[in-house]
Trainee: 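Got a structure for you, questions after.
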Amino acid sequence: MTDLEKTIYKYALLNAIKHKGNANPPGAVMGAIMSSEPDLRKDAKKIGSISGKIVTNVNEMSIEEIELEIANLGIEIEDNKSNNEKEKGLSDLPGSHKNVVMRFAPNPSGPLHIGHARAAVPNGGEYAERYDGKLILRIEDTDPKRIYPPAYDMIQEDLEWLNIKIDEIYYQSDRFPIYYEYAEKLIKNGAAYMCQCEGGEFKKLKDACEPCPCRSKSPEENMVLWREFPDMEAGQAVLRVKTDINHKNPAIRDWVAMRIVEEEHPRIGREYKIYPMMNFSVAIDDHLMGGMTHVLRGKDHLANSEKQKYLYEHMGWDVPEFIHYGRLKMEDIALSTSKAMAGIDEGNYMGWDDPRLGTLRAIARRGIQSKAIHDLMVEIGVKMSDSAISWKKIYGLNRNILEEISNRYFFVPNPKKINIYGLNIEKDNETNINKTNIEIIERPLHPDHLKRGNRKLVFDGEVYISSNDLGDGIVRLMDAVNINIKNNDISYNSKSFEEARELKARIIQWVPANDNIKAKIVMDDASIVEGGICESYCKNLNVGDIVQFERFGFARLDEISNNELIFYFAHK
């Protein structure tokens, strides 16, 4: 294909997807090219003569093939609606909304991460609830090499954190007899066959649209080999599902349904040797588990959907509505479960809840709310184009939630004790000793929710401030006094906030020197702010509480150890 033909092909595909699989006459495609690619206007005649044939070829493709081509070529599908026209939230599911059954089907290779939420939230948190349907959790554990045993429980814990209600739970490792039953049905129907061809040789034949010699075996011959299958060695044979040997996509031609696995399974040991491939077990389960009405998954499964349709046709089953969405990209975050596990094993990460990871438990430990993740996934929606998200977006959504629920406190990192000279002094008549006036400063726990009450800070002129705030100049201790710092000498300047504003004083945090509690904060990059202190009212906090340290940020209390509070930083 020339570069010009590729361009015409692209616009023909886009036109076809816009019109549900049927591209408009060549003139419409040509018009789109002329308006979007002005440099090609000089080639109008050539485009006109070529586009007819290309549009005809595209119209011979199924809608699934068109979607797959668009995904493979990385073509972005533009949304021509204006901002006012775009729907808020998730659009309605296609097809019937009666007795909706959906599923979330993770592999237990580790805990869930934010990418999993892309599927979990629309399937369960939105659509299943919207249509009063059923959500099935199916643990797809038919590849022993990819199983991390603790993940069986972790997945359910993560879904609980996401507030997603599960109606039924299945483990594919419990369903091997079912897969064997349907393998035999396919063999007896002549829809599947035992293939003993060497892998490389089969690929050559497949790529040439030629059947392998095993394809012509009778059902009876295949049943004999099927019964001998468990006595064979890995790679000696596979069970294949018959498809169109001339299918445009070679990967779909006669795909593998069952193969030999020698590894021990964490749940079922070595009870079975013949394991189903994903496309085989998934298609069977989607039909048997209440008749899945809608299958929502990433566009990397477009070819798999096409494969599974062949099995549905062989069995005479209704095909569910397949809905595919684009990839989720996120900056500066590790979403790969295998890479995260390697990092944990090598000691680069503290665990699955290390703040640098994109796991849901890492996000939760920092105080990011499940509603923020839910709202983000609804906002992204279900569309074929890829979506990029950032921490900034997550923080914005989460801030809207935390602003309301988080009480305010003072926290001082890198504390330095100071004595303020020049405050009002009075003599104690009993001891005849000069003493600084002690003032009790009251501040609301939350400025917008005064019914929550106040915290009290003792101000006697001896306080902690951050070493970072010791630069020369006039500063205001929030809600207390204005002080003058010069060559590390600290003296009283004035009292009112108005004076501080006139002096353009910086406003800084402080904590009473004689009434505080030690604190440290694990930051989002896993660095630790050691040796900090916060006001004594923080002693009333419970593990899991989220606070706003004024002029520092939101943090979640993670642990109380040896009279020290350990927080995890969320964001500013």
Side-chain angles (χ1 to χ4, degrees), residues 110-111 113-114 161 330-369 372-373 389-399 401-403 406-417 464-471 506-511 516-535 538 541-572:
H113 55 64
I114 197 168
W161 178 78
M330 190 169 183
E331 61 185 24
D332 303 325
I333 191 169
L335 287 182
S336 166
T337 301
S338 59
K339 289 181 180 179
M341 185 179 293
I344 292 170
D345 291 341
E346 294 164 5
N348 297 325
Y349 297 126
M350 296 181 286
W352 289 108
D353 52 8
D354 187 291
R356 293 165 291 182
L357 295 177
T359 60
L360 296 184
R361 54 195 52 223
I363 289 170
R365 194 174 191 184
R366 292 174 53 190
I368 294 171
Q369 303 296 286
I373 303 303
I389 59 175
S390 66
W391 280 119
K392 182 178 179 181
K393 178 64 178 178
I394 293 174
Y395 295 163
L397 292 168
N398 199 57
R399 189 179 297 111
I401 301 169
L402 296 189
E403 285 282 3
S406 303
N407 289 336
R408 276 53 164 170
Y409 299 94
F410 285 171
F411 167 77
V412 174
N414 307 313
K416 172 74 175 177
K417 184 189 286 188
Y464 282 107
I465 67 172
S466 174
S467 301
N468 301 330
D469 290 327
L470 278 174
R506 291 179 293 119
I507 300 176
I508 65 172
Q509 302 300 296
W510 60 278
V511 172
N516 56 64
I517 184 170
K518 294 187 295 183
K520 70 179 180 182
I521 301 181
V522 180
M523 301 301 290
D524 53 341
D525 62 358
S527 63
I528 302 176
V529 178
E530 298 269 14
I533 53 174
C534 53
E535 60 180 84
C538 290
L541 296 172
N542 297 311
V543 169
D545 286 347
I546 300 170
V547 303
Q548 182 178 359
F549 287 131
E550 299 200 55
R551 298 182 178 272
F552 186 88
F554 294 99
R556 175 187 163 276
L557 180 57
D558 188 75
E559 183 182 352
I560 302 173
S561 176
N562 298 322
N563 203 34
E564 181 180 45
L565 305 181
I566 302 171
F567 293 88
Y568 268 64
F569 181 73
H571 49 78
K572 292 286 189 181

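All residue numbers refer to positions in the sequence shown, counting from 1.
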Trainee: Run the ring-ring contact (aromatic ring centres under 6.0 Å, His included) test against F411 and tell me which residues pass, sequence neighbours left out.
Mentor: F549, F552
Trainee: E559: which residues meet the side chain to side chain contact (heavy atoms under 4.5 Å, CB included) condition with it, sequence neighbours left out?
Mentor: S561, I566
Trainee: side-chain hydrogen bond (donor to acceptor under 3.5 Å, both in side chains) with N398: which residues, sequence neighbours excluded?
Mentor: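 Testing N398 for side-chain hydrogen bond (donor to acceptor under 3.5 Å, both in side chains), a comparison that skips the adjacent residues, returns H571.
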Trainee: CD of Q548 to CZ of F554: how many Å apart, nearest 0.5 Å?
Mentor: 4.0 Å
Trainee: For a 4.5 angstrom cut-off between non-hydrogen side-chain atoms, does D354 reach I344?
Mentor: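 Sidechains of I344 and D354: no contact.
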Trainee: Has D545 got a side-chain atom pairing as donor or acceptor with N542's backbone, closer than 3.5 angstrom?
Mentor: yes
Trainee: Looking at W391, I'd like to know if the NZ or CZ of R356 sits under 6.0 Å from its six-membered ring centre while staying within 45 degrees of the ring's axis.
Mentor: no
Trainee: Can you list everything that forms a salt bridge (Lys or Arg N to Asp or Glu O under 4.0 Å) with K416? Sequence neighbours excluded, please.
Mentor: none
Trainee: Not counting sequence neighbours, which residues clear side-chain hydrogen bond (donor to acceptor under 3.5 Å, both in side chains) with S338? List them please.
Mentor: S336
Trainee: How long is the span from the CH2 atom in W510 to the CG atom in D469, to the nearest 0.5 Å?
Mentor: 14.0 Å
Trainee: What is the distance from atom CZ of R399 to atom CD of Q369, rounded to the nearest 0.5 Å?
Mentor: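 Here the interatomic distance stands at 13.5 Å.
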Trainee: Sub-3.5 Å donor-acceptor pair from the side chain of S467 to the main-chain atoms of N414, do we have one?
Mentor: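 Yes, S467 side chain to N414 backbone: donor-acceptor pair under 3.5 Å.
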Trainee: Looking at every heavy atom in both F410 and E535, which two are closest together, and how far apart are they?
Mentor: N-OE1, 2.7 Å
Trainee: Pair up each side-chain donor or acceptor in residues 517-528 with any protein partner under 3.5 Å, not counting sequence neighbours, and list the distances.
Mentor:
{"from": "D525", "atom 1": "OD1", "to": "S527", "atom 2": "N", "distance (Å)": "3.0"}
{"from": "D525", "atom 1": "OD1", "to": "S527", "atom 2": "OG", "distance (Å)": "2.5"}

Trainee: Please identify each residue that fulfils salt bridge (Lys or Arg N to Asp or Glu O under 4.0 Å) with R408, with sequence neighbours left out.
Mentor: E403
Trainee: Suppose we screen for side-chain hydrogen bond (donor to acceptor under 3.5 Å, both in side chains). Which residues come up paired with E564, at least two apart in sequence or across chains?
Mentor: none
Trainee: Identify the heavy atoms of A364 and R556 that sit nearest to each other, and give their distance.
Mentor: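 Smallest interatomic distance, heavy atoms only, reads O-CD, 3.6 Å.
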Trainee: Which distance, rounded to the nearest 0.5 Å, do you find between the CD1 of I546 and the CG of L541?
Mentor: 11.0 Å
Trainee: Run the side-chain hydrogen bond (donor to acceptor under 3.5 Å, both in side chains) test against N348 and tell me which residues pass, sequence neighbours left out.
Mentor: E346
Trainee: If you compare all heavy atoms of V529 against all heavy atoms of P413, which two are closest, and at what distance to 0.1 Å?
Mentor: CG1-CB, 3.7 Å
Trainee: Taking all non-hydrogen atoms of both residues into account, name the closest pair between P111 and T359 and its distance.
Mentor: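 Closest pair (atom of P111, atom of T359, distance): CG-CG2, 4.2 Å.
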Trainee: Please name all residues satisfying side chain to side chain contact (heavy atoms under 4.5 Å, CB included) with M341, sequence neighbours left out, ordered by chain then number.
Mentor: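 M341 satisfies side chain to side chain contact (heavy atoms under 4.5 Å, CB included) with Y148, D345, W352 only.
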Trainee: Show the nearest heavy-atom pair for residues A555 and F567, with the distance to one decimal.
Mentor: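 Heavy atoms only, the tightest pair is CB-CB, 3.9 Å.
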Trainee: Not counting sequence neighbours, which residues clear side chain to side chain contact (heavy atoms under 4.5 Å, CB included) with I560? List them please.
Mentor: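 Once residues adjacent in sequence are excluded, the partners of I560 under the side chain to side chain contact (heavy atoms under 4.5 Å, CB included) criterion are V543, L557, L565.
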Trainee: What pairs with N407 under side chain to side chain contact (heavy atoms under 4.5 Å, CB included), at least two apart in sequence or on another chain?
Mentor: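 Y409, L445, H446, R452.
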Trainee: Mind checking the CD1-CD1 spacing from I373 to I368? Nearest 0.5 Å is all I need.
Mentor: 6.0 Å
Trainee: For V511 versus N516, what's the shortest heavy-atom pair and its separation?
Mentor: CG1-CB, 3.3 Å
Trainee: Find out whether H113 and L360 are in side-chain contact, i.e. whether some heavy atom of one side chain is under 4.5 Å from a heavy atom of the other.
Mentor: no
Trainee: Looking only at atom types and distance, does a side-chain atom of R361 sit under 3.5 Å from a main-chain N or O of D353, one as donor and one as acceptor?
Mentor: no
Trainee: Starting at CG of L357, measure out to CZ of R365 and round the result to the nearest 0.5 Å.
Mentor: 11.5 Å
